[in-house]
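Worksheet: the structure to be examined is printed underneath.
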Amino acid sequence: MKIGVFALQGDFERHGEMLRQLGVEPVYVNRAAQLADLDALVLPGGESSTMVKLLDDEKMFDPLVEFAKTKSIFGTCAGTILLASGVTAPVQRSLQAMDISVERNAYGRQVDSSIRRVMPEQAFEERTSPGELEVVFIRAPIIRQVRGDARVLVSFDSQPILVEQGRHLAATFHPELTNDTRIHELFLAKLRQP
Ligand code: GLN
């Protein structure tokens with residue numbers, strides 16, 4: 001299984017380290033040609049508007065839209081903004097890979113950058129292991145709408161913060177910044193599903 005980590009911008013190294021910890025050697029991706037070999041891609045946190053610009057500059061935007069139609073993407077924070085089908089505050093182009101709408105930088109100042117503890121949905125615990133989850137928010141978006149067969153796996157303050165749809169997984173927080181590897185494990189488990 002070949003897993004790429006988008007490495008033009010953002011917190012890609014921590015994702016790479018976490019994948020390595022789980023026995024997967026990541027491929028750092030900065031060119032469209034690299035996508036062809038991959039089974040999955042991690043889109044890290046960072047600054048989504050900059051990522052859109054860099055994807056355009058590197059002629060990677062449309063190839064990524066195509067990639068998402070058959071391969072898996074795991075987005076965290078800015079990566080989730082890229083996966084969404086609707087982005088506000090401000091309106092921004094995205095890959096339209098998941099039936100979620102997000103509002104950028106949507107938490108008030110208290111939550112803006114903070115560490116919280118939440119109880120995941122049972123469906124998450126059944127597929128990983130039970131227990132509270134530490135979630136790190138850094139100027140996080142809020143997922144305002146979840147449509148179609150997109151499913152909420154973890155919420156905070158009644159708002160979804162981890163959502164899956166088919167092959168894709170989207171977190172508004174930064175699982176790569178904690179020692180809890182369950183979110184990455186869940187993504188790897190999804191990839192192994194027939
Ligand atoms: N605020 C950033 C954005 O809108 C996302 C922040 C993050 O990825 N930690 O793109």
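Note that ligands are numbered from 1 as they come in the structure, with each ligand's atoms numbered from 1 the same way. All of these numbers come straight from a predicted model, not from anything done at the bench. Throughout, numbering of the chain's residues begins at 1 and tracks the sequence.
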Side chains of Arg167 and Thr70: do they bring a donor and an acceptor to under 3.5 Å?
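Checked: Arg167/Thr70 side chains show no N/O donor-acceptor pair below 3.5 Å.
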Where on Ile81 is there a heavy atom closer than 4.0 Å to ligand 1, on the side chain, on the backbone, on both, or on neither?
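The answer is the side chain.
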Hey, is Glu47 touching ligand 1 through its side chain, its backbone, both or neither, going by heavy atoms under 4.0 Å?
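Near ligand 1, Glu47 shows its backbone as well as its side chain.
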Would [X] count as a polar contact of ligand 1, with the cut-off being nitrogen or oxygen pairs under 3.5 Å?
| X | answer |
| --- | --- |
| Ile138 | yes |
| Arg139 | yes |
| Cys77 | no |
| Arg104 | yes |

Anything under 3.5 Å between a donor and an acceptor, one on a side chain of residues 22-36, the other on a protein residue two or more places apart or in another chain? List them.
from, atom 1, to, atom 2, distance (Å)
Glu25, OE1, Arg20, NE, 3.4
Glu25, OE2, Arg20, NE, 3.3
Gln34, OE1, Asn30, N, 2.8
Gln34, OE1, Arg31, N, 3.0
Gln34, NE2, Tyr28, O, 3.0

Does Arg144, at its CZ atom, have more than 12 non-hydrogen atoms belonging to other residues, nucleotides or ligands within less than 6.0 Å?
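Enclosed.
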What atoms in ligand 1 come closer than 4.0 Å to a heavy atom of Gly45?
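Those of ligand 1 that fall under 4.0 Å from Gly45 are 8 (O).
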Which of the ligand 1 atoms, numbered from 1, are nearer than 4.0 Å to a heavy atom of Ser48
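Reading through ligand 1 atom by atom, the close ones are 3 (C), 4 (O), 10 (O).
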Does this structure show an ion pair linking Glu47 with Arg104, if we count only N-O contacts that are shorter than 4.0 Å?
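Here Glu47 pairs with Arg104 in a salt bridge, since their nearest N and O are under 4.0 Å apart.
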Met51 heavy atom under 4.0 Å from ligand 1:
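Not so, Met51 does not reach ligand 1.
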On a heavy-atom basis, which atom in Phe74 and which in Leu83 lie closest, and how many Å separate them?
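Nearest heavy atoms, Phe74 then Leu83: C-CD1, 4.5 Å.
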Ser72 and His168: side chain to side chain donor-acceptor pair (under 3.5 Å), yes or no, with the steps?
CA-CA 5 Å; Ser72 300; His168 305 313; 5.4 Å; no
Quick one: side chain to side chain donor-acceptor pair (under 3.5 Å) partners of Asp11, sequence neighbours excluded?
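Counting only residues at least two positions away or on another chain, Asp11 forms no side chain to side chain donor-acceptor pair (under 3.5 Å).
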Tell me: protein heavy atom nearest atom 5 (C) of ligand 1, and distance?
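I find the closest protein heavy atom is Gly46 O, 3.3 Å.
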Would you mind checking which non-hydrogen protein atom is closest to atom 1 (N) of ligand 1, with the distance to 0.1 Å?
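Checked against all protein heavy atoms, atom 1 (N) of ligand 1 sits closest to Asn105 OD1, 2.6 Å.
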Do the numbers put Arg116 on top of the ring of Phe137, so that NZ or CZ is under 6.0 Å from the six-membered ring centre and no more than 45° off the axis?
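Judged by the rule, Arg116 and Phe137 form no cation-pi pair.
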